[in-house]
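Below is one structure, written out as structure tokens; the observations come after it.
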Amino acid sequence: MANLFSTSDLNQINKAFQEDIPDTFLKNDIIYHQAGQIYDRFMESNDDQAFRDIPLKGLIVDSDSKQDAAVKFSQMGRTDMSEHYVLINFAQLEANGLVDANREILLQANADYMTLRGERYEVTSVTQVPDLATLKTYVKVVYRDNIRPKR
């Protein structure tokens, strides 16, 4: 089976993914709040956990199914349950210490949160976008408008 791309083609595509696409599209300011120790020594929720604030750049993609989203009402008012996502360059996560030695992502859904456009959002899932050959390209971080109170 023949390769679709030559080594030169892959190098050009890798360069585009690492330099051109982030410079062109990943311009939104994001503050990622990485949770510290989630559980205390008794394996209960740690109310005193600290968060590490990490400034990042990404592409914010708002849900296009806003009208179909479930809306919940409570004493606090209306909560939009639709999910949105942010694309973040994998290399940027590495540079900020959000990837371990095995190149595994250290973001934690349902523990971390993000600040976008001055609003706080709950991280509901973190997914690696499929790799391009051996290059890890982007990470998709899904978030939701409802946010439980955090310090």
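This structure is a prediction, so every number in the text was calculated from the model and none was measured. Quick note: residue numbers are just sequence positions, from 1.
The side-chain heavy atoms of T115 and I30, taken from C-beta on, include no pair separated by under 4.5 Å. Looking at heavy atoms from C-beta onward, K57 lies in side-chain contact with D29 at the 4.5 angstrom threshold.
Tracing side-chain contacts under 4.5 Å through hydrophobic residues (I, L, V, M, F, W, Y), one reaches V61 starting from F25; they form part of the same cluster. Cluster membership for V126 and I31, using ILVMFWY side-chain heavy atoms within less than 4.5 angstrom, is not shared.
Of the possible polar contacts, none joining the Q34 side chain to the D112 backbone as a donor-acceptor pair under 3.5 Å is found. The main-chain N or O of D9 is found under 3.5 Å from a side-chain atom of S6 such that the two form a donor-acceptor pair. Counting only distance, with no hydrogens or angles, the side chain of N96 and the backbone of L98 share no donor-acceptor pair below 3.5 Å.
Only one option out of I88, L26, L93 pairs with Y138 in a side-chain contact (heavy atoms from CB on, under 4.5 Å); it is L26. Partner of L116 under the side-chain contact (heavy atoms from CB on, under 4.5 Å) criterion, out of E119, M114, R120: M114 alone.
Contact record, N110 with E122: OD1-OE2, 3.8 Å, taken as the closest heavy-atom pair. In terms of heavy-atom proximity, F51 sits nearest to H33 at CD2-O, 3.8 Å. Closest of all the heavy-atom pairs between A35 and A111 is CB-O, 3.6 Å.
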Problem - Worked verdict on V139 versus V141 for side chain to side chain contact (heavy atoms under 4.5 Å, CB included) - result: CA-CA 6 Å; V139 174; V141 180; 4.1 Å; yes

Practice task
Mind running side chain to side chain contact (heavy atoms under 4.5 Å, CB included) on V129 and L87 for me, showing each step along the way?
Solution key: CA-CA 9 Å; V129 174; L87 285 178; 4.1 Å; yes

Problem - side chain to side chain contact (heavy atoms under 4.5 Å, CB included) between F90 and I105, intermediate numbers included - result: CA-CA 9 Å; F90 187 87; I105 303 164; 4.0 Å; yes

Practice task
Kindly indicate, with the supporting measurements, whether the criterion side chain to side chain contact (heavy atoms under 4.5 Å, CB included) is fulfilled by Y85 and D62.
Solution key: CA-CA 7 Å; Y85 67 91; D62 290 317; over 6 Å; no

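Listed by first and then second residue, the salt bridge (charged side-chain N to carboxylate O under 4.0 Å, His left out) pairs involving residues 95-106 are E94-R103 (not counting sequence neighbours).
If you look at Y113 and Y143, their ring centroids are not closer than 6.0 Å.
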